[in-house]
Amino acid sequence: MDTVFLATTIFLAVLTFICLYRAYAGPTAADRVVAIDVISTKVAVLIAFLSILTGQESFIDVALVYAMIGFVMTIAVSKYLEKGKLY
Amino acid sequence: MIMQILIVLLLVSSGFFFAVGTLGLIRMPDTYTRMHASTKCDTLGAGLALLAIALYNGISIISVKSILVIVFIWITNPTAAHIIAKSKYNSEKQNSDLKSLE
Amino acid sequence: MKSLSVSHGFYFVLLLGFWLILSQGISIEILFVGSGAAVLIMLYSRSMLYGTEDTSLFQPRKLMFFFKFVLIMLIEILKSNIQVAKIVLSPSLPISPSFVKVKKTFKKDLHKVIYANSVTLTPGTLTVDVDEEGFLVHALTNEAAEGLKDSIIEKSVDHLEVK
């Protein structure tokens, strides 16, 4: 069972690096924000997988907090793109 | 035994949907269509993967926390996509207004 | 400050439950600090939590409708993912993107949020903007743009609002 989890984790990590291509090449800033949003979702799931693989229960808290921070980051960058300021 | 087959099935399908989302992000021609692919497939993929983790741990605090992460991602992911699309749409509208003034 | 109501208690139980899930075990100090933090958060974000509108989702009958709505949504999300997978994996990319204006509005902000997020998760559509007249939706294909009128989501949210 652990091998299946390990294989999925490696697969997800590779996909995350492929997403990084869009953040590098995207023609507009909105493309880059989309890519970073996708990466932050994937990394949250990756951290949850790591808590299974290493047996550290507290990593799942890190995944929860990472999902929250990713959401706030996306909203902040989008607002900055739209208005030129954050408030 | 049935549980293990179910977990493997969930993991494989979540990997498939993540791959489709990433492929859509790379292949699609403009920002809005990219957002279609990435939002939907990532939301379902994350849900399936975290459900597999919850089933693997059985009834424990980790399962409750991973269900919490699922609920959070399923509420916030469409909202994030909406706000990116809105900022893109409004900034493009402002730019075209400026061009028509000139 | 307004008098205590059912929704105040609901928010308090929600925040305290979240605190207890995140903390290790239960003791007197943890319960004490958690209740203090919950009350402080409710005081600080009062204008966001219970503004001018009453929060009608907390009646038992509404919750029943809400769970039915969540079930419908799960099926729709599965359908939309399979459709997007078909489009992305086909070699010719059969898409015809367009913007559609949906003239449909709801009284409460909560129902607007539920409708917009549901439209984003259903096949081939993405909510872009919300104003007084309706919703601006980006459609991936022509069928998705036509299927937006009188959709099952719209009927369900109407149901949620009226009953």
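This is a predicted model, so every value here is computed, not measured. Chain A is the first sequence line, chain B the second, and so forth, proteins listed ahead of strands; every chain is numbered from 1.
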*side chain to side chain contact (heavy atoms under 4.5 Å, CB included) between N77(B) and D37(A): does it pass, once the steps are laid out?*
CA-CA 9 Å; N77(B) 238 354; D37(A) 184 38; 4.0 Å; yes
_Show, in sequence, the C-alpha distance, side-chain angles and deciding distance for K42(A) and T22(B), and conclude whether the side chain to side chain contact (heavy atoms under 4.5 Å, CB included) test is met._
CA-CA 10 Å; K42(A) 281 196 174 69; T22(B) 309; 3.3 Å; yes
So what's closer than 4.5 Å to chain B heavy atoms on [X]: side chain, backbone, both or neither?
{"X": "L12(A)", "result": "side chain"}
{"X": "F49(A)", "result": "both"}
{"X": "I52(A)", "result": "side chain"}

[X] side, atom [atom1]; [Y] side, atom [atom2] - distance, nearest 0.5 Å:
{"X": "Y21(A)", "Y": "L25(B)", "atom1": "OH", "atom2": "CG", "value": "10.5 Å"}
{"X": "I84(B)", "Y": "K79(A)", "atom1": "CD1", "atom2": "NZ", "value": "14.0 Å"}
{"X": "E57(A)", "Y": "I61(B)", "atom1": "CD", "atom2": "CD1", "value": "9.0 Å"}

Please look at [X] and chain A and tell me whether the side chain, the backbone, both or neither of the residue comes under 4.5 angstrom of a heavy atom of that chain.
{"X": "Y56(B)", "result": "side chain"}
{"X": "F18(B)", "result": "both"}
{"X": "L50(B)", "result": "side chain"}

*So, S78(A) and K88(B): side-chain donor and acceptor under 3.5 Å apart, yes or no?*
no
*asked:* Looking only at heavy atoms and a cut-off of under 4.5 Å, which of V14(A), T8(A), L15(A) has the most pairs with chain B?
replied: L15(A)
*Minimum heavy-atom separation for F11(A) to A19(B), with atom names?*
CZ-CB, 3.9 Å
*In sequence, state the C-alpha distance, the side-chain angles, and the governing distance for T39(B) and V38(A), and then conclude on side chain to side chain contact (heavy atoms under 4.5 Å, CB included).*
CA-CA 8 Å; T39(B) 316; V38(A) 169; over 6 Å; no
*Mind jotting down which residue pairs meet the side-chain hydrogen bond (donor to acceptor under 3.5 Å, both in side chains) criterion with at least one end in residues 58-74 of chain B? Sequence neighbours excluded, please.*
D61(A)-K65(B)
_Counting C-beta onward and ignoring hydrogens, is there a side-chain heavy-atom pair between F71(A) and I73(B) closer than 4.5 Å?_
no
